[in-house]
There are 2 protein chains.
Amino acid sequence: MTKTRVTLKDVANKVGVHSSTVSRVLNPKTRSMVTEEIADKILSVVKDMGYRPNAFAQSLKTNKSFTVGVMVPDLTNPAFAPIIKGIDDMLEAHGYSVIVASTYNLPEKQQSTVEKFRERHVDGLIIATAKRKDSLIDDCRQEGTPFVQAVRASVDADVSSVVSDEIIGGNMVVSHLAQLGHKRIAYVAGPQFLSTGYERYRGFLQGMKNAGLEADKDLVVFCEEFTEEEGRNATSKLLALRKKFTAIYAGNDLLALGVYDELEADGIKCGQDISVVGFDDMPFADKFNPPLTTVHTPLVNVGGEAARILLEKIADSSIPARTIKLKPDLIVRSSTGRVK
Amino acid sequence: MTKTRVTLKDVANKVGVHSSTVSRVLNPKTRSMVTEEIADKILSVVKDMGYRPNAFAQSLKTNKSFTVGVMVPDLTNPAFAPIIKGIDDMLEAHGYSVIVASTYNLPEKQQSTVEKFRERHVDGLIIATAKRKDSLIDDCRQEGTPFVQAVRASVDADVSSVVSDEIIGGNMVVSHLAQLGHKRIAYVAGPQFLSTGYERYRGFLQGMKNAGLEADKDLVVFCEEFTEEEGRNATSKLLALRKKFTAIYAGNDLLALGVYDELEADGIKCGQDISVVGFDDMPFADKFNPPLTTVHTPLVNVGGEAARILLEKIADSSIPARTIKLKPDLIVRSSTGRVK
DNA sequence: ATAAATTATGCAATCGTTTGCATGAGTTTA
DNA sequence: TAAACTCATGCAAACGATTGCATAATTTAT
């Protein structure tokens, strides 16, 4: 019942030394300062008594929390779970704990979250919620806490970020479609205030150019969110144009799912009548009807690399900012086919 | 550059009072002890200087961390993201932060995680990884830190848990199949050392009984994990029996996806030749081919309720343990059909 | 054998709060 | 007007670790 914790002093008393000696034994850096014999004794008592350091006291003294804050838009968004997994595994291996928070794309939630993180003195931040221009980023830069952006980058130059190479992805998609004989390709663009939406759109345009195709402005619809609903709306707009196109390339897989829905509602067969491509290769994209051709972005690695860069920055804050673009892969499934 | 934090003392000096007075103003419970006039002044200076309490110092003194640890098997398992969302939203609203850790079903990882949580003095634990009989649970009970089990319960009586009512779910599924004329129903069971696997199997048996059907032992295959691969293996075993059955009911949606794969490989049409049912209603279960008939378990609520119970327990540890079973819903989609 | 250099350990201040107790000013009562 | 009470505020001791400095013990050099 008496759940009184064991402290350094308790251990010290039992062994008959001073608490500072125990502290030194437990800290690898100072371990060599104390005699082997005493150290062994201390270590065994530490084990016997089940001593566990008090993280608060340590943090208070050392001003390090071994805690990192991670901000994502929504935990249930299938793209973010793998990212967090990557972050978590990497940081855990280095003794850090991860505090996750969803901001649901609400600026005020984003702000309050970062405040909370500061109160808890996180050693660093990983931000996967930022817009291309985001006051949060200035804020964080001023504050001085190390941070890294993941998946979504902002326009600020001297901020580290880890993203997938959206441009290359766009090229691969268009080139694939072109090979299948598609010429008139519609694009369902994600939000342009997010780097993913913006860059992927640029990738599409560049891909068209490289393939010697002309991008028809009418066949590009911009969405305000990466959601199925926006994908449906966009598709119905495209269909209403009554212009000819043989493929729809969507800014991400969720939008593509919306495209599926709307096409099906119109009795159009994906992959046969019209080819559809997504982006992200979210979990179970291979289970959809039809299995979705999409660009696989290495989400777990994006998270892992972001964590690694953050660790570097925590260890040495003078390290210059850098941007890592991971190479994506085109995954061809049956939602794309030769144009008839 | 000089990122020196503002402390209570700094504020006190500026106002010309003692730091304890500032502390009292900031704490709602002691706020009334100090004169309105001074309090106002303090509050305004607090704001001006951008004072933020040092969570470590507070926690060290009060022995409360306002932090909760959550253990899940795998962040990328689609069933667990909604649960964490429910937990996170509930706890965040009460000023708590959530530390998540994946244990990947490894006992040693589970153990080290709980150690880590203890070092960080979490105020409570939510465990979604426990087996029906799990030494971890005894361990946690002894330790005395409040904890609640989510999704997976253990056999221990006096442990609080929040789960979905698996038995009712099983009844609904079998009754649905029976109405469609199915009599010979195969069951692909999840691991029996997990409450979900065990209870759902019991639900199946009970459902068969209630429907006046006989459960053929040969048509039950037990899996070691809730994975697609195990689902595939189980299905190939069933097919190898060369016994007649018209429906396969799987212990969860991932198993059901494995069933899909294997049936398709054998040229059998889900929903037409053989009906398939899952359990969980994981995200995008409606997008599969065919859309999956399954039992919707209110995962976000499971997480939310678990968090709520934990908060109660943190506030008053004498509260008796209780188990909450949330009602699931049958979601009929096109993977089930009338028997021909 | 003694001084000097080298250890190993203890001492005590510190990190930023919270909180029981002491204190002094102001108010009430006789 | 002095005694008895309030009441608001300050004082100082925690909480449990870390760490520069002092000191005692030991070794080495002369």
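So that the names make sense, note that chain A is the first sequence line, chain B the second, and so on, each numbered from 1. Computed from a predicted model, the values in this text were never measured in an experiment.
- Cation-pi geometry between Lys64(B) and Phe66(B) is met: under 6.0 angstrom from the ring centre, within 45 degrees of the axis.
- Between Glu36(A) and Arg31(A), none of the side-chain N atoms (NZ, or NE/NH1/NH2) sits under 4.0 Å from a carboxylate O, so this pair counts as no salt bridge.
- Atoms CG (Asn63(A)) and P (dG16(D)) sit 20 Å apart, rounded to a whole Å.
- In this structure, the CE atom of Met33(A) is 12 Å from the C1' atom of dT18(D), given to the nearest Å.
- Between the CZ atom of Arg31(A) and the C1' atom of dT19(D) there is a distance of 18 Å, rounded to whole Å.
- When rounded to the nearest whole Å, the span between NZ of Lys64(A) and P of dA17(D) equals 19 Å.
- Between Asp156(B) and Lys133(B) there is no salt bridge, since no side-chain N of the basic residue sits under 4.0 Å from a carboxylate O of the acidic one.
- Look at Asp74(B) and Lys85(A) and you find a salt bridge, because one of the NZ, NE, NH1 or NH2 atoms lies within 4.0 Å of a carboxylate O, short of that distance.
- Checked for salt-bridge contact, Lys313(A) and Asp123(A) miss the test: no charged N lies under 4.0 Å from a carboxylate O.
- The distance between atom CD1 of Ile42(A) and atom C1' of dA8(C), rounded to the nearest whole Å, is 12 Å.
- Checked against the 6.0 Å centroid threshold, Phe56(A) and Phe56(B) do not count as a close aromatic pair.
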Quick one: what's the B/S/- string for nucleotides 15-22 of chain C, heavy-atom cutoff under 4.0 Å, read 5' to 3'?
-> BBBBBB--
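- Contact annotation: Thr35(A) side-chain N/O to dT9(C) OP1/OP2 distance is under 4.0 Å.
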